[in-house]
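The next block holds one structure in the form of structure tokens; read it before the comments.
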Protein chains: 2
Amino acid sequence: MAEEKREEKRSRKTGGDRVAAICTALRRAIIERALSPGDRLPEDSLGERFGVSRTIARSALGQLAAEGLVDLRRNRIAVVAVPSFEDARDIFDIRVDLERQVVRHLAGKLTEAQVKQLTAIVEAEHQARHGAEGISIRLATEFHVRLAEMTGKPVLIRYVTEICYRAGLSLAVFSRPHSSECAVNEHLELIEAIRTGPADKACALMDEHLEAVASRALLQSSGARSRDLMDILAPYTE
Amino acid sequence: MAEEKREEKRSRKTGGDRVAAICTALRRAIIERALSPGDRLPEDSLGERFGVSRTIARSALGQLAAEGLVDLRRNRIAVVAVPSFEDARDIFDIRVDLERQVVRHLAGKLTEAQVKQLTAIVEAEHQARHGAEGISIRLATEFHVRLAEMTGKPVLIRYVTEICYRAGLSLAVFSRPHSSECAVNEHLELIEAIRTGPADKACALMDEHLEAVASRALLQSSGARSRDLMDILAPYTE
DNA sequence: GTGGATAAAAGTGCATACAGTTTTTGCATG
DNA sequence: CATGCAAAAACTGTATGCACTTTTATCCAC
């Protein structure tokens, strides 16, 4: 069994950045909730799963740890990060600022092609609305990431992308199943506001949207799933 | 010569995160301008210099690349990143937002000990005012990083720290020798405003301060040192 | 059974070896 | 004397091996 060499198809010569490939796969698995906060990510298994050595898997984990998606402690197995409630709040605060910048740069400047691209994503969100929840969340994230990419500003893109993924992970911890995304309409309104509107108006709408997402998830359920011993035992300690 | 085993003193047993040690050293070298944008960082030399294998050096470079301080391209030697002018501008824009958050959280809440700590840094800045320029820049950066640390918010601390280092690197590219930091007084005023003042006022002062630093460096010298072939040859192409 | 020592298993930390890829150097040629 | 071009040197990409740590499983006393 161990000797099976599956996936030997690809050229295997100059494998175009396999670390990045693993990162991409894991990011997606995390945002779609195929992986949950706290899940273990042993280097061996990871490497075997992707057909690479531990070296590569380890490097990918390091990268994801730098992005705040993975928790890496010395001599310990890596785990999907488990953001605290405070972390989640801070992540959303920063996200608001960053995305406001995105909107400011884009307001009134979207090309027709860009509008079409964004609308397509929202359309996909609409389709996925009753399917697996993970897909909805991924598409919602993709909407914001794509928006950032349209600024063409590498630095801004990098930070927005990272913070969006972290926000998605935070939601996995603190939002309960069905409170997540009724936000499809809000995305449509956003497109319209950015396309036509003055920057201030569009920014305000983005603020509102993000604050709504955060509230739906964070405020009302602060610790809904927080399997913290203290909370669980609270009713019993009298 | 090659066989010399210097630095064999330390226990060598369970070296407490040597990757982080290298990162710290390089970050500091970069911010102090001992390393300049574009300088080469071969894994071998780096490893030898720090008494570790290429594995560790490589990992450190990966980390710094994730922070935007190092440029890493496949099969190519790593170099200290060379931010473009647009990057620099975007970095400062993001910095303003992040540091505004810091100030907002801290306004009116600094303890006496914290004020003392900050004042000590500014004092050191004052001392270093006529010494090596690199030291001044490091201390100025340290002031902002320490401020962020006082919020106790890990996420915010991480992003502010990273963006401050990137800003420092940007200044290395775009600010000319003596335009950098006359900002010692501004730091003192900031401490005072944050200690006493209402959040809005302190935020405004921080905005002003950062905008001033950016202007002194970025606007007036847009490309002063941009050793871009196109610029250098422009006068000759008629 | 329950607690607890202890040995096996599973994993990480790191150096090293080797294959493949630039980059440099040295040399012959026009 | 510039210009290719080919061989050597310098580096990176990745797998693997071994030491050390943590976790899990085992077994024995009580």
Side-chain angles (χ1 to χ4, degrees), chain A residues 1-26 35 38-66 69-82, chain B residues 1-26 35 38-66 69-82:
Chain A
M1 282 175 189
E3 280 72 16
E4 274 189 27
K5 34 190 84 166
R6 54 160 87 124
E7 296 292 301
E8 206 75 18
K9 339 194 145 180
R10 273 177 207 64
S11 67
R12 265 303 156 265
K13 267 291 162 58
T14 172
D17 212 341
R18 332 214 223 155
V19 173
I22 298 181
C23 285
T24 303
L26 288 184
L35 285 172
D39 279 1
R40 296 164 164 249
L41 302 168
E43 298 172 358
D44 291 329
S45 334
L46 216 56
E48 193 173 342
R49 183 71 188 67
F50 286 94
V52 298
S53 81
R54 228 160 47 81
T55 307
I56 307 300
R58 186 182 175 80
S59 180
L61 288 173
Q63 167 86 37
L64 293 172
L69 294 181
V70 159
D71 211 27
L72 217 47
R73 283 155 56 198
R74 189 178 181 83
N75 281 321
R76 295 212 145 67
I77 219 170
V79 298
V80 177
V82 189
Chain B
M1 282 177 189
E3 279 73 15
E4 274 189 28
K5 34 190 85 167
R6 53 163 88 127
E7 298 292 301
E8 206 74 19
K9 337 193 148 182
R10 273 178 206 63
S11 67
R12 264 303 157 268
K13 267 291 159 62
T14 171
D17 212 342
R18 334 217 224 153
V19 173
I22 296 181
C23 285
T24 302
L26 287 184
L35 285 172
D39 279 0
R40 293 161 168 255
L41 302 168
E43 297 173 0
D44 290 331
S45 334
L46 216 56
E48 193 174 342
R49 183 73 188 68
F50 286 94
V52 299
S53 83
R54 223 158 55 76
T55 307
I56 306 300
R58 185 182 176 79
S59 181
L61 288 172
Q63 166 86 35
L64 292 172
L69 295 182
V70 159
D71 211 28
L72 217 45
R73 283 156 57 200
R74 190 178 180 82
N75 281 322
R76 295 215 145 66
I77 215 170
V79 298
V80 176
V82 188

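With rounding to the nearest 0.5 angstrom, the CG atom of B:Leu61 is 8.0 Å from the SG atom of B:Cys23. With rounding to the nearest 0.5 Å, the separation of OG in A:Ser53 from CD1 in A:Ile56 is 5.0 Å. B:Leu72 CG to B:Ile77 CD1: the interatomic distance, rounded to the nearest 0.5 Å, is 11.0 Å. Between the CD1 atom of A:Ile22 and the CG atom of A:Leu41 there is a distance of 11.0 Å, given to the nearest 0.5 Å. Atoms CZ and CZ, on A:Arg76 and A:Arg40 in that order, are 10.0 Å from each other to the nearest 0.5 Å. How far CZ of A:Arg18 is from OG of A:Ser59: 12.0 Å, rounded to the nearest 0.5 Å.
Distance CD1 (B:Ile22) to P (C:dA15): 9 Å, rounded to an integer number of Å. C:dT21 atom C1' lies 15 Å from atom CG of A:Asp17, rounded to whole Å. One interatomic measurement links the two molecules: CG of A:Leu72 to C1' of C:dG11, which rounds to 13 Å at whole-angstrom precision. One can place CD of A:Glu48 at 13 Å from C1' of C:dA10, the figure rounded to the nearest angstrom. When the P atom of C:dT12 is taken as reference, atom CZ of B:Arg18 falls 18 Å away, rounded to whole Å. Spacing between atom CG of A:Leu41 and atom C1' of C:dT12 amounts to 14 Å, rounded to whole angstrom units.
The main-chain N or O of A:Ala20 is found under 3.5 Å from a side-chain atom of A:Thr24 such that the two form a donor-acceptor pair.
The phosphate of D:dT12 has neither OP1 nor OP2 within less than 4.0 Å of any side-chain N or O from B:Arg74. The side chain of B:Thr55 places no N or O atom within less than 4.0 Å of a non-bridging phosphate oxygen (OP1 or OP2) of C:dC14.
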- Message: Assess the residue pair B:Arg73 and B:Asn75 against the criterion (side chain to side chain contact (heavy atoms under 4.5 Å, CB included)); give the C-alpha distance rounded to whole Å, side-chain angles, the decisive distance to 0.1 Å, and a yes or no.
- Response: CA-CA 6 Å; B:Arg73 283 156 57 200; B:Asn75 281 322; over 6 Å; no

Got a list of protein N/O to nucleotides 9-11 of chain D N/O distances below 3.5 Å?
none

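The shortest non-hydrogen separation linking A:Ala57 to A:Leu46 is CB-CB, 4.0 Å.
Rounded to 10 degrees, the angle separating the terminal helix axes of the helix from C:dG1-D:dC30 to C:dG30-D:dC1, each built from five base pairs, is 0°.
You'll find that the side chain of A:Ile56 is closest to D:dA15, out of C:dA15, D:dA15, D:dT12.
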